[in-house]
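Report on the structure given below.
A quick note: this is a predicted structure, and the numbers were derived from the prediction, not measured.
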Amino acid sequence: MSTLFLVDCDEKEVAKVLSGFESIKENFERVISVINLHDLFQHLYQDRIQTFPNNWNYETSVSMAILGSQTYDIRQLVSLRDRFVPTFNLRFVTLNGPVSHWEQVSKSITKEQKLCKSRIIRMNHWMNHHHDESDIKVHEDCPESDSCEYNLYTMLNHLTNAHRANNEANNTIPSIINDIEFAKILSNYDHELESLPHGLPDKEYYINLFNDWNFSALNLTTRQLIIGGFHLLSTLAEQANIEIPENDLLLLLFTLEASYHQINRFHNFKHAIDVMQATWNLCKILLPGNHELTLLICLAAIGHDIGHPGTNNSLFGDECDLSKLFKKTSVLENFHFQMFNEIIKTIWPSVLELSAGTLDGRKHHEISEDDCIIKKAILATDMSFHANYVQVLSDKTRSEITTMEIISFILKAADISNVTRPLDVSAKWAFLITLEFKDCANLQTYKEAHEHLFSCEPLPLGELEELRIIDGNGDKDDDMSFEMELNDNIMKEPFQLSALLEKYPMIPKGQLFFINTFAFQFFNKLSAQFPDLKFLIDNINANKEYWLSQTE
Ligand SMILES: Nc1ncnc2c1ncn2[C@@H]1O[C@@H]2COP(=O)(O)O[C@H]2[C@H]1O
């Protein structure tokens, strides 16, 4: 669902300007007037934490902000978007712009809306689209870019714009963002905890929740994920003796949430929180009392999949710009790290010194980026190096394993820890990754069938219509009906695993394949080296037994 924001606009004047362009208004489901940009961003963050199914995610459609009387620098606004709500498809237009701009908006907005309605086309766009020189020229001459693709999220845009914008802004947090009271936003939506309406409720509750291997991030709302993440990180920061003001830490969590695609089946902010929770619990066992490292690895965990397109490295192909940029190695993982690094540089820069200096006391400026602990931890999640980690666990004795290797094992283990959770929790993650794999297969199939449509060239409208995708199960490529089904039938407690398996009978085989090919070996060797982790392999064995019983 898309929103037309009127920022400091006289509504009569808007009506007058748009009267010549009726088709523009038809593209928006609601119109909201806000008094200034601060209120606009507050509204965006507020919408993102609505409970699922969340119609107002700013990803399945394009929203637009019309800017009224004041003079605005559109480039700066685009850069704010790219730094603080990067996955949002949000377009800025000044009310008093020339008629030619409105003509362009009118021409491109319908197409933009269509492009981001299809899951497969959208994923392809995120991964492969770049702006050619003519787009950039248009943008420089005329800040309200008439290139429609400019307003839709792409990974390359995220990378180049956030980097450039951070450099230009000298990594400071602009007051439009800094003045937002995030605790207030959270308490405005305090449906579940109405008895505690003020501030950030219940630290003890969330720490206890996160302290348990039965934890399921899938049962939490976005708001709860943010509050839980806040309490965990603030506890870890306190233990590590590193300060961050409450509002900055909340900004970090809201920015991270808005940097993950909320609409991904598996690789979304829930996965980020799940991996951070697992990481914390593993740190307590493998690095007891090492508070600085624990904070760093937990941060790496929450940032480890930023901007994940819900696909995998092999779908990028050698000719893709991102592949070339990262020399065809760990393309996604390098991307996640770069994007996380930009966020941390702005919101919590002191952590970077810690990240560079914790292992051997060197100062930040003496350390190359490749020595950064956060980077090493994130790169360890690339499954193409899985066999190397298993080899290290096989070849070395406990005393030969280095701290850096332990850090890598922790994040790697946490990343695939869903198979080590109790069955009911594990099965829900299995379901979600199965759906994501189906999307990947669809993307591959459609790329082969419609090769000419998947280049960076703008798609003709007729061909877009044709590409409304019906997948192998006859399910429509429709985000909202999926969300409803997820909420009403699948994630609802008490969880009915047998009903889920009836509808998705391929899950057990998929889980057995993943466990037998990757997870068992790794967790078996890990718990042989670190016997306190035996519960991980016990859970895998129990889950494996269940999946086997479902294939007989
Ligand atoms: N339960 C699971 N079943 C199958 N594959 C999984 C499961 N959990 C994680 N994976 C895979 O392991 C990969 C780890 O890296 P990614 O998160 O990029 O993508 C993940 C999936 O491809």
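For the atom pair CD1 (Ile537) and CD (Gln521), the distance works out to 10.5 Å, reported to the nearest 0.5 Å. Distance check, rounded to the nearest 0.5 Å: CG of Asn219 to NZ of Lys270 gives 8.0 Å. Here the CG-CG distance, from Leu299 to Leu233, works out to 5.5 Å after rounding to the nearest 0.5 Å.
Here salt bridge (Lys or Arg N to Asp or Glu O under 4.0 Å) pairs that include residues 306-316, with residues two or more places apart or in two chains, number zero. Pairs engaging residues 402-428 under the ring pair (Phe, Tyr, Trp, His ring centres under 6.0 Å) rule: none recorded [sequence neighbours left out]. Listed by first and then second residue, the salt bridge (Lys or Arg N to Asp or Glu O under 4.0 Å) pairs involving residues 521-543 are Lys534-Asp538 (not counting sequence neighbours). Annotation: salt bridge (Lys or Arg N to Asp or Glu O under 4.0 Å) contacts involving residues 298-310, sequence neighbours excluded, are absent. Every pair passing salt bridge (Lys or Arg N to Asp or Glu O under 4.0 Å) that includes a residue from residues 323-339 is listed here, sequence neighbours excluded: Glu319-Lys324.
Legend: residues meeting side-chain hydrogen bond (donor to acceptor under 3.5 Å, both in side chains) with Asp415, ordered by chain and number and at least two apart, are His271, His304. Under the side-chain hydrogen bond (donor to acceptor under 3.5 Å, both in side chains) criterion, Asn312 pairs with Ser314, sequence neighbours left out. Looking at residues two or more places apart in sequence or on another chain, you find a side-chain hydrogen bond (donor to acceptor under 3.5 Å, both in side chains) between Asp382 and Ser330, Ser384. In this view, His43 satisfies the side-chain hydrogen bond (donor to acceptor under 3.5 Å, both in side chains) rule with no residue, not counting sequence neighbours. In this structure, the ring-ring contact (aromatic ring centres under 6.0 Å, His included) partners of Phe522, at least two apart in sequence or on a different chain, are His386. Scored by the salt bridge (charged side-chain N to carboxylate O under 4.0 Å, His left out) test, Arg48 finds Glu59, Glu257 as partners (sequence neighbours excluded). Applying the salt bridge (charged side-chain N to carboxylate O under 4.0 Å, His left out) test to Glu168 and every residue at least two apart in sequence or in another chain returns Arg164.
A 6.0 Å sphere centred on CD of Glu400 holds more than 12 heavy atoms belonging to other residues, nucleotides or ligands. Heavy-atom contacts from other residues, nucleotides or ligands closer than 6.0 Å to CD of Glu238 number 12 or fewer.
You'll find the side chain of Cys116 stays beyond 4.5 Å of the side chain of Tyr153, heavy atoms only. Under the 4.5 Å side-chain criterion, counting only non-hydrogen atoms from C-beta, Met155 is in contact with Phe335. Side-chain contact between Leu354 and Leu295: present, with at least one pair of heavy atoms (C-beta onward) separated by less than 4.5 Å. The shortest distance between side-chain heavy atoms of Asn128 and Leu315 does not fall below 4.5 Å. Looking at Phe431 and Ile507, their side chains come closer than 4.5 Å, going by heavy atoms from C-beta outward. Inter-residue side-chain proximity for Lys375 and Phe340 is flagged as unmet; no heavy-atom pair is nearer than 4.5 Å. Residues Leu411 and Lys376 are not in side-chain contact: their nearest non-hydrogen atoms beyond the backbone lie 4.5 Å or more apart.
Arg421 forms no cation-pi arrangement with Trp429, by the criterion of a distance under 6.0 Å to the ring centre and an angle within 45° of the ring axis.
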